[in-house]
Protein chains: 2
Amino acid sequence: MGRRNQHSREQQREMTIAAAELILVREGFSGLSMRKVADAIGYTVGQLYLIFRNQDDLLATINERTTDAIYGHLRNAADAETAPLPRLQALGSAYIEFAQNHPHRFRMLFEHRLPPEMEPRPSSETRIRRMFELVESAAADVVAENDPARLRQIATTLWSGVHGIAALAVSGKFKWAGEADFRRYSDDLITTYVAGLQARHG
Amino acid sequence: MGRRNQHSREQQREMTIAAAELILVREGFSGLSMRKVADAIGYTVGQLYLIFRNQDDLLATINERTTDAIYGHLRNAADAETAPLPRLQALGSAYIEFAQNHPHRFRMLFEHRLPPEMEPRPSSETRIRRMFELVESAAADVVAENDPARLRQIATTLWSGVHGIAALAVSGKFKWAGEADFRRYSDDLITTYVAGLQARHG
DNA sequence: CACATAAAATGGACGGCGTTCACTCCCGAC
DNA sequence: GTCGGGAGTGAACGCCGTCCATTTTATGTG
């Protein structure tokens with residue numbers, strides 16, 4: 001019942017995602033089209049619409065993979081450091097590092113927005129939250145803070161700050177600064193911010 | 001020599017920019033097309049290419065206007081505060097505020113990249129630098145730092161951090177945070193980071 | 001084995017996009 | 001009054017996302 005059955009629907013889904021990620025990495029967000037993806041997997045465009053609802057659905061799925069990849073990268077970095085502050089710094093560095101190593105994937109994650117009628121997307125939100133909780137728990141080990149709301153604020157501020165460095169690093173609008181070490185800014189931000197917390201507390 | 005002469009080339013340029021900005025604000029980056037702009041100003045697409053080299057040129061020009069608008073907004077905010085730390089905080093708040101009030105313009109400024117062969121664009125880079133120098137000079141009044149390189153690093157870290165908050169606020173990937181509280185993160189970041197600088201120095 | 005069925009896959013169509021350019025129009029100079 | 005040449009046009013090209021009538025084919029049934 002069906003034509004080829006060379007590939008199951010699930011296999012097709014994986015092939016599609018893999019092909020699309022390859023095109024994204026090679027040609028950037030704007031070079032990624034449904035037609036190119038279809039060509040790459042050896043099917044026609046029409047078939048793509050039996051695998052994904054539309055292009056937004058495909059892009060959002062890739063973004064979930066990217067979120068997972070960042071999460072994995074952050075987790076490795078965190079696991080390699082035992083002391084709390086170095087671990088938080090390692091998280092920041094790893095975040096910047098991912099953005100620099102995978103600029104197109106990183107940019108699409110934050111630049112692609114689903115049309116309102118396709119939101120919310122729990123599978124995406126859960127993943128982002130999981131990533132954030134990694135930061136929050138690392139922050140909790142560094143700052144002695146009992147109020148969970150305040151702790152979340154601290155983690156949000158820190159993560160936003162590090163994200164800003166990564167975003168500017170990848171935006172290309174930042175040529176005047178010493179090109180090289182964006183990770184230095186991340187370290188500076190985390191170290192100094194944490195010092196400020198401690199100064200204000202005790 | 002010419003047909004209508006209803007509008008000078010310079011007038012056409014202004015009309016085009018104004019029309020494009022209106023479409024950008026109403027429909028977002030992805031809804032902004034050369035054809036729509038041409039319709040809006042009552043000329044045909046072809047004519048647009050006698051006014052701007054191509055779409056990238058038009059978008060980059062709009063981005064320069066946006067940079068100027070942010071600069072003006074920051075300047076107003078800075079001028080309204082005399083004390084150094086509140087002035088720096090006012091800059092951060094104003095930056096976030098602009099992003100929230102003009103999300104499409106803000107996003108396009110950072111998401112649109114010129115193709116390599118159209119870079120560099122001095123008119124853009126000068127404007128960004130001017131905006132950054134506003135931040136740097138406000139930072140200089142807050143932190144007692146004589147080394148200009150270190151001062152620039154401090155300003156970069158701070159501005160990147162604030163930018164990250166603005167970027168996440170506008171990205172829509174941040175739903176669990178209260179919408180209104182983004183300026184609080186900015187204040188928190190600036191206050192605590194500056195406290196950290198002072199703690200490490202003295 | 002033959003046939004019917006229904007899922008799988010196709011490919012052409014539609015409207016929109018950026019960009020180009022041969023062409024028409026008409027102002028201003030003579 | 002005519003005519004050169006710049007201003008302006010609009011059709012064409014090759015992309016794009018999306019849809020759907022049509023064709024293909026693996027499988028269940030006799």
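Throughout, a chain's letter reflects where its sequence line sits, starting with A, and its residues are numbered from 1.
At whole-Å resolution of the value, CG in Leu50(B) and P in dG5(D) are 18 Å apart. Whole-Å rounding puts the Tyr43(B) OH to dT24(C) P distance at 21 Å. Distance CD1 (Ile41(A)) to C1' (dT10(C)): 13 Å, rounded to an integer number of Å. In this structure, Arg9(A) places its CZ atom 7 Å from C1' of dA8(C), rounding to the nearest Å. Rounding to whole angstrom units, CG of residue Leu48(A) and C1' of dA8(C) are separated by 14 Å. Spacing between atom CE of Met15(B) and atom P of dA7(D) amounts to 16 Å, rounded to whole angstrom units. Atom C1' of nucleotide dC16(D) and atom CZ of Phe29(A) are separated by 13 Å, given to the nearest angstrom. Taking atom CD of residue Gln47(B) and atom P of nucleotide dG6(D), one finds them 14 Å apart after rounding to whole Å.
When only modelled atom types and interatomic distance are considered, Thr67(A) and Arg129(A) share no side-chain donor-acceptor pair under 3.5 Å. Residues Arg200(B) and Thr192(A) have side chains that bring a donor and an acceptor to within less than 3.5 angstrom of each other.
Put simply, the side chain of His104(B) gets close to the backbone of Val25(B): a donor and an acceptor are under 3.5 Å apart. Counting only distance, with no hydrogens or angles, the side chain of Glu145(B) and the backbone of Asp147(B) share a donor-acceptor pair below 3.5 Å.
Residue Thr61(A) comes nearest to Phe52(A) through the heavy atom pair OG1-CE2, 3.6 Å, listed as atom of the first residue, atom of the second, then distance.
Residue Arg53(B) places its CZ atom among 12 or fewer non-hydrogen atoms of other residues, nucleotides or ligands, all under 6.0 Å distant. Counting non-hydrogen atoms of other residues, nucleotides and ligands closer than 6.0 Å to CZ of Arg9(A) gives a total above 12.
His163(B) and Phe106(B) have tilted rings, their planes meeting at an angle from 30° to 60° on a 0 to 90° scale.
Regarding contacts with the backbone of dA9(C), a side-chain N or O of Gln12(A) is found under 4.0 angstrom from either OP1 or OP2.
Axis angle, first five pairs versus last five pairs of the helix from dC1(C)-dG30(D) to dC30(C)-dG1(D): 30°, rounded to 10°.
At least one test fails for Arg127(B) against the ring of Tyr71(B): distance under 6.0 Å to the centre or angle within 45° of the axis.
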Distances for protein N/O vs nucleotides 17-19 of chain D N/O pairs under 3.5 angstrom?
| unit_1 | atom_1 | unit_2 | atom_2 | d |
| --- | --- | --- | --- | --- |
| dG17(D) | OP1 | Met34(A) | N | 3.0 |
| dG17(D) | OP1 | Gln55(A) | OE1 | 2.4 |
| dG17(D) | OP2 | Met34(A) | N | 2.9 |
| dG17(D) | N7 | Arg35(A) | NH1 | 2.2 |
| dG17(D) | O6 | Arg35(A) | NH1 | 3.4 |
| dG17(D) | O6 | Arg35(A) | NH2 | 2.9 |
| dT18(D) | OP2 | Tyr49(A) | OH | 2.7 |
| dT18(D) | OP2 | Gln55(A) | N | 2.7 |
| dT18(D) | O5' | Tyr49(A) | OH | 3.3 |

